[in-house]
Peer 1: 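This is the structure I have questions about; it appears just below.
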Amino acid sequence: MTGVISTVILPGLGPVCPECFGRGFVGALPIGGREIYTFSMTGPDSELSWDIARAQELLTQRPRKPKRLDPVELSDWLRTRVTITPPHLYHIPVPKREVPGIFVVITVAARPDAPMFDFGILIDGSHRAALALRDGRDFFAYLLTEQEQRSICTYTVEGKVTEIPQIAAGPGITPEDAGL
């Protein structure tokens with residue numbers, strides 16, 4: 001059984017959507033820090049964490065055209081890898097609903113002796129993507145280059161920050177791949 005917290009009760013505010021509160025859409029409390037998307041892996045326990053504000057800065061500095069994400073693959077990603085808060089879909093401001101997401105591609109293996117494969121991760125826009133799919137619309141996202149995504153990513157293995165290993169033999173996602 002799985003569940004999602006759809007409402008939290010905060011003193012002085014009453015019931016609020018945790019997604020809206022976490023994004024600073026409700027309440028007078030300032031939210032400190034930056035939005036970070038973290039993808040966890042096992043064997044060994046590790047995490048890749050991307051700074052979303054820095055990703056947005058990169059996209060402002062180096063504009064590109066967003067890519068249409070395959071709806072079947074996107075649906076599978078959202079269903080198996082992300083926790084979506086369904087009531088929050090109704091709270092996404094109308095002007096933000098068409099904002100493209102941000103995705104990266106990493107090279108991974110399913111287990112130590114398995115072959116390597118490219119694995120796309122939507123690091124920003126999961127709720128907007130879920131809303132687009134629910135409404136039968138295409139969803140678009142900006143692809144970061146290998147160099148860009150590495151520059152905003154922190155890799156932690158068993159609790160210790162370490163350098164991201166260079167696994168792929170080639171350049172990874174090139175500027176041309178990313179639409180630059």
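Values below: every heavy atom of this structure, side chains too, minus hydrogens, waters and symmetry copies. None of these values were measured; they are calculated from a predicted model.
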Peer 1: Applying salt bridge (charged side-chain N to carboxylate O under 4.0 Å, His left out), can you list everything that pairs with Asp70, at least two apart in sequence or on another chain?
Peer 2: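 Once residues adjacent in sequence are excluded, Asp70 has no partner under the salt bridge (charged side-chain N to carboxylate O under 4.0 Å, His left out) criterion.
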
Peer 1: Do the ring centers of Tyr155 and Phe39 come within less than 6.0 Å of each other?
Peer 2: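 Distance test on ring centres: not under 6.0 Å, no.
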
Peer 1: To the nearest 0.5 Å, what is the distance between OH (Tyr90) and CZ (Arg134)?
Peer 2: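 Reported value, rounded in 0.5 Å steps: 4.5 Å.
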
Peer 1: Phe103 and Val82: same hydrophobic cluster, using ILVMFWY side-chain contacts below 4.5 Å?
Peer 2: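 Yes, one cluster joins them.
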
Peer 1: To the nearest 0.5 Å, tell me how far Leu131 CG sits from Ile92 CD1.
Peer 2: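 CD1 of Ile92 is found 5.0 Å from CG of Leu131.
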
Peer 1: With the side chain counted from C-beta on, respond yes when Leu143 and Arg64 share a heavy-atom pair under 4.5 Å apart, and no when they do not.
Peer 2: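 No; the side chains remain at least 4.5 Å from each other.
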
Peer 1: Which donor-acceptor pairs under 3.5 Å do side chains of residues 53-61 form with protein atoms, sequence neighbours excluded?
Peer 2:
| residue | atom | partner | partner atom | Å |
| --- | --- | --- | --- | --- |
| Arg54 | NH1 | Ser151 | O | 3.4 |
| Arg54 | NH2 | Ser151 | O | 2.5 |
| Glu57 | OE2 | Arg34 | NH2 | 3.4 |
| Thr60 | OG1 | Gln56 | O | 3.1 |

Peer 1: Would you say Leu78 and Ile84 make side-chain contact, with heavy atoms under 4.5 Å?
Peer 2: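 Side-chain contact under 4.5 Å: yes.
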
Peer 1: For Asp177, does its backbone N or O pair with a side-chain atom of Lys67 as donor and acceptor, under 3.5 Å?
Peer 2: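 Yes, the answer is positive, given that a donor and an acceptor are paired below the 3.5 Å cut-off.
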
Peer 1: Using a 3.5 Å distance criterion without hydrogens, assess whether the side chain of Thr80 forms a donor-acceptor pair with backbone atoms of Asp76.
Peer 2: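 Present.
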
Peer 1: Specify the closest pair of heavy atoms between Glu35 and Asp124, including all atoms of both residues, with the distance to one decimal.
Peer 2: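 Looking at all heavy atoms of both residues, the shortest contact is OE2-OD1, 4.1 Å.
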
Peer 1: To the closest 0.5 Å, what do you measure between OG1 (Thr156) and CE (Met41)?
Peer 2: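 Answer rounded to 0.5 Å: 9.5 Å.
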
Peer 1: Any side-chain heavy atom of Pro175 sitting closer than 4.5 Å to one from Arg62?
Peer 2: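 Sidechains of Arg62 and Pro175: in contact.
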
Peer 1: Would you say the side chain of Leu122 lies within less than 4.5 Å of the side chain of Trp77, judging by non-hydrogen atoms?
Peer 2: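 Result yes, sub-4.5 Å side-chain heavy-atom pair found.
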
Peer 1: Can Ile152 be reached from Leu180 by stepping across I, L, V, M, F, W or Y side chains whose heavy atoms are under 4.5 Å apart?
Peer 2: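 No.
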
Peer 1: Indicate yes or no for a side-chain donor-acceptor contact from Arg128 to the backbone of Val99 under 3.5 Å, with no hydrogens or angles considered.
Peer 2: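 Checking the backbone N and O of Val99 against the side chain of Arg128, a donor-acceptor pair under 3.5 Å is found.
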
Peer 1: Rounded to the nearest 0.5 Å, how far does CZ of Phe140 lie from CG of Leu69?
Peer 2: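 Answer for the CG-CZ pair, Leu69 versus Phe140, is 8.5 Å.
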
Peer 1: From Trp50 CH2 over to Ile106 CD1, what is the distance, rounded to the nearest 0.5 angstrom?
Peer 2: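 So the CH2 of Trp50 and the CD1 of Ile106 are separated by 5.0 Å.
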
Peer 1: Distance check, rounded to the nearest 0.5 Å: Leu144 atom CG versus Arg150 atom CZ?
Peer 2: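 One finds 13.0 Å between CG of Leu144 and CZ of Arg150.
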
Peer 1: Should Ile123 and Ile52 count as side-chain neighbours, where that means a heavy-atom distance under 4.5 Å?
Peer 2: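 Yes, close enough: below the 4.5 Å cut-off.
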
Peer 1: In the structure I gave you, are the side-chain heavy atoms of Leu133 and Phe139 within less than 4.5 Å of one another anywhere?
Peer 2: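 The answer is no; the side chains never approach within 4.5 Å.
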
Peer 1: Side-chain contact test, heavy atoms from C-beta onward, threshold under 4.5 Å: evaluate it for Thr145 versus Thr174 and give yes or no.
Peer 2: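 Side-chain contact under 4.5 Å: no.
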
Peer 1: Within 45° of the axis and under 6.0 Å from the centre of the six-membered ring of Tyr142, does NZ or CZ of Arg68 qualify?
Peer 2: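 No, Arg68 and Tyr142 do not form such a contact.
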
